[in-house]
Q: 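The structure that follows is given in the form of structure tokens.
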Number of protein chains: 2
Amino acid sequence: MGIREGLLVLLADGPKHGYRLKGEFEEATGQAWPLNIGQVYTTLGRLERDGLVELDTTDSEGRKVYRLTKAGRAEVRDWLTRPVDHRLDARDELSMKLLLTLFAGVADPLAVVDTQRAATMTALQDLHRLKQETDPDDLPWLLHLDRLILRAEAELRWLDLVEDRLPERRRRPAAVHEPAETEEVTG
Amino acid sequence: MGIREGLLVLLADGPKHGYRLKGEFEEATGQAWPLNIGQVYTTLGRLERDGLVELDTTDSEGRKVYRLTKAGRAEVRDWLTRPVDHRLDARDELSMKLLLTLFAGVADPLAVVDTQRAATMTALQDLHRLKQETDPDDLPWLLHLDRLILRAEAELRWLDLVEDRLPERRRRPAAVHEPAETEEVTG
DNA sequence: GGTGCCATGTAACGCGTTACATGATTAT
DNA sequence: ATAATCATGTAACGCGTTACATGGCACC
């Protein structure tokens, strides 16, 4: 799910110290996942607390080298074997925003859709441009960009679909309670 | 981003007490975002602390009714106006997993791809089945399912793309350090 | 002497999340 | 009586994240 698993995978490749883990993590994920060095040490501490990692040696330069425990190795194997699952209740900001707007009737859902579409389209253009500017040998970064591009395209398709379905919707009955002194929030 | 914004939007529709917020939140998002009642109160407390929400009245039944403050209303307007942005460093478990596997060379990336594809395909089938079983008038739930479907399809396309590009990759030189006593983790 | 990189760490905060405690009212 | 629903709340944990402190070493 997060940094934990990342560090564990890197440690499966052999014992390493924190600073090196940070380096490899960035080498592996590049700009796709910037990592504050502090996080490596906090995470390493938590992994040790949970018995997934233990101190291997303190090497000649005084660096603390960690290695996986048996439990740690099992965890790595599990994580790599187990697919990322598509939970029905996957938190998604965009759909949440739309469903809530739809329900609360406090802003025009179509305005939300339009705003989002504009933003996603420019994002998509930027991604394509970035892809062209990328060194063709930088496979990880290219793959990551493709992932973002496909996601963005899927989002655009969904926005179209939402717009199509939206007019079919019956208007919710007017609010029963006191009308709040809320000016229409439509952008 | 989270529950905070959800509650704020609902409160933009008029002052409400916690329990009612929980009800409306579930009504709006359905199974798409189950909400523990405790979260409503903790979140409400934090919103009050941050001056986005304040106590309106304690009604006849002794329920504490909250309303938006001026800052709260501004925050709602902002959130609804501002598109969900596509950060280049958006955390994505699947791509992270793949990039790290690619780098660490501790498992076969193709195995990861295959596992994921199988899982995503069955998930997709389940989603289509669910969609057919859904009441055609339940617009929010249908929209949410469509979002998940489009996401899953995008993921499958990406997996194909990864598989195509993967063989082009030159093998990393063999590990320099001591080979860890790690059995190949390939599922 | 100063700049910058290598290297380790801690204190603190924020949000999401759960588990638990408490009590009133309503329905069976 | 007692089970369910309405209603509020708190304590605690986990992870991600940042800001800060510290020190060695190399290079100019």
Q: Between Leu35(A) and Arg63(B), name the one whose nearest nucleotide on DNA chain D is closer to the 5' end.
A: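 Going by which nucleotide is closer to the 5' end, it is Arg63(B).
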Q: Quick one: do Arg165(B) and Asp146(A) make a salt bridge, cutoff under 4.0 Å?
A: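 Answer for the salt bridge query: yes.
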Q: What is the minimum heavy-atom distance between Trp33(B) and Asp92(A), and which atoms define it?
A: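 Shortest heavy-atom separation between Trp33(B) and Asp92(A) comes out as CZ3-N, 4.2 Å.
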Q: Provide, to the nearest angstrom, the distance between the CG atom belonging to Leu47(B) and the P atom belonging to dG9(D).
A: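 Taking CG of Leu47(B) and P of dG9(D), I get 14 Å after rounding.
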Q: Starting at atom CG of Asn36(B), determine the distance to atom P of dA21(C), rounded to an integer number of angstrom.
A: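 Interatomic distance, CG of Asn36(B) to P of dA21(C): 15 Å.
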Q: Can you identify which nucleotide, out of dG9(D), dG16(C), dT18(D), has its nearest atom closest to the Tyr66(B) side chain?
A: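 Between dG9(D), dG16(C), dT18(D), the one nearest the side chain of Tyr66(B) would be dG9(D).
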Q: If you assign Arg46(B) and Tyr41(B) each to the DNA chain D nucleotide with the nearest heavy atom, which residue ends up on the more 5' nucleotide?
A: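 Of the two residues, Tyr41(B) wins.
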Q: Looking at Arg91(B), I'd like to know whether one of its side-chain N or O atoms comes within less than 4.0 Å of OP1 or OP2 on dT17(D).
A: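 Yes, because at least one side-chain N or O of Arg91(B) sits under 4.0 Å from OP1 or OP2 of dT17(D).
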Q: I want to check one thing: is the phosphate of dC15(C), taken as OP1 and OP2, less than 4.0 Å away from some side-chain N or O of Arg49(B)?
A: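 Checking Arg49(B) against dC15(C): at least one side-chain N or O falls below 4.0 Å of OP1 or OP2.
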Q: Between dC5(C) atom C1' and Glu61(A) atom CD, what is the distance in whole Å?
A: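 Spelled out: CD on Glu61(A) to C1' on dC5(C) is 15 Å.
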Q: dT5(D), dT17(C), dG9(C): which one has an atom nearest the side-chain heavy atoms of Trp33(B)?
A: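 For the Trp33(B) side chain, the nearest candidate turns out to be dT17(C).
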Q: In whole angstroms, how far is the P atom of dC15(D) from the CE atom of Met96(B)?
A: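 Nearest whole value for this atom pair: 14 Å.
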Q: Judged by each residue's nearest nucleotide on DNA chain C, which is more toward the 5′ side, Ile3(B) or Thr42(A)?
A: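 Upstream on the strand: Thr42(A).
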Q: Any chance the side chains of Glu155(A) and Gln116(A) put a donor and an acceptor closer than 3.5 Å?
A: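 Side-chain D/A pair, Glu155(A) to Gln116(A): present.
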Q: Between dT17(D) atom C1' and Phe25(A) atom CZ, what is the distance in whole Å?
A: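 So the CZ-C1' distance, Phe25(A) to dT17(D), works out to 13 Å.
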Q: Shortest non-hydrogen contact from Ala152(B) to Leu124(B)?
A: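 Shortest heavy-atom separation between Ala152(B) and Leu124(B) comes out as CB-CD1, 3.7 Å.
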Q: Could you work out which one of dG9(D), dT8(D), dT17(D) sits closest to the side chain of His17(B)?
A: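 Of the candidates, dT8(D) comes closest.
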Q: Can you tell me how far P of dT8(D) sits from CG of Leu55(B), to the nearest Å?
A: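 Whole-Å distance recorded here is 11 Å.
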Q: Kindly say if Lys22(B) contacts the phosphate of dC6(D), meaning a side-chain N or O under 4.0 Å from OP1 or OP2.
A: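 Checking Lys22(B) against dC6(D): no side-chain N or O falls below 4.0 Å of OP1 or OP2.
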Q: Taking all atoms of both residues into account, what is the closest heavy-atom pair of Pro15(A) and Arg20(A), and its distance?
A: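 Reported closest heavy-atom pair: O-NH1, 4.4 Å.
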Q: Go nucleotide by nucleotide along DNA chain C from the 5' end; which of Ile37(A) and Gly2(B) gets its closest nucleotide reached first?
A: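 Nearer the 5' end of the strand: Ile37(A).
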Q: Could you state the CD-C1' distance from Glu26(A) to dC6(C), rounded to the nearest angstrom?
A: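 Rounded to the whole Å, the gap is 14 Å.
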Q: Please state whether the phosphate of dG16(D), meaning OP1 or OP2, lies under 4.0 angstrom from any side-chain nitrogen or oxygen of Gln39(A).
A: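 So the side chain of Gln39(A) is outside the cut-off, no N or O lying under 4.0 Å from OP1 or OP2 of dG16(D).
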Q: Can you tell me the distance, in whole Å, between the CG atom of Leu44(B) and the P atom of dT17(C)?
A: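 It works out to 16 Å between those atoms.
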